[in-house]
Amino acid sequence: MEDSITVYSSPTCPKCKMLKMQLKAKGISFNVCEDTQVALSKGIQSLPAMEINNQLLNFPQAVEWIRGRAKKKTIRH
């Protein structure tokens, strides 16, 4: 089963961009939410934050989680 991942970010946030780049580099699918009211309603006080299967991670926790994931291998024919 694939994880449900949402990145709460701001379009001008360098850490947000880095987090999304790391997810893409590992081939991990994710959604992006840039609505600060939604983030605040979830108790998020600083961006970026990442939600995985309803568990919120702050930036350092998110980076650690991504580092622990193996890069998906592309099968070539």
Let's go through Asp3 and Arg69 carefully: what are the C-alpha distance in whole Å and the side-chain angles of both, what is the deciding distance for side-chain contact (heavy atoms from CB on, under 4.5 Å) to 0.1 Å, and is it a yes or a no? CA-CA 12 Å; Asp3 293 311; Arg69 308 303 276 188; 2.9 Å; yes

Should [X] and [Y] be counted in the same cluster of Ile, Leu, Val, Met, Phe, Trp and Tyr side chains packed under 4.5 Å apart?
X	Y	value
Ile44	Ile52	no
Tyr8	Phe30	no
Ile28	Val7	yes

Determine the minimum heavy-atom distance between Cys13 and Pro48, stating which atoms define it. SG-CD, 4.1 Å

Would a 4.5 Å heavy-atom cut-off, applied to side chains only, mark Met50 and Phe59 as touching? no

If we only count heavy atoms from C-beta on, is the Leu47 to Ser9 side-chain gap below 4.5 Å?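 With C-beta onward as the side chain, the pair stays apart.
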
Do side-chain atoms of Gln22 reach the backbone of Leu19 as a donor and acceptor pair under 3.5 angstrom? no

Just how far is it from atom OG1 of Thr12 to atom NZ of Lys17, taken to the nearest 0.5 Å?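 It comes to 7.0 Å.
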
Identify each donor-acceptor pair in which a side-chain atom of residues 31-43 lies under 3.5 Å from a protein atom, sequence neighbours left out, and give them as a table.
| from | atom 1 | to | atom 2 | distance (Å) |
| --- | --- | --- | --- | --- |
| Asp35 | OD1 | Gln37 | N | 2.9 |
| Asp35 | OD1 | Val38 | N | 3.4 |
| Ser41 | OG | Val38 | O | 2.6 |
| Lys42 | NZ | Glu51 | OE1 | 3.4 |
| Lys42 | NZ | Glu51 | OE2 | 3.4 |

More than 12 non-hydrogen atoms from neighbouring residues, nucleotides or ligands closer than 6.0 Å to NZ on Lys15, yes or no? no

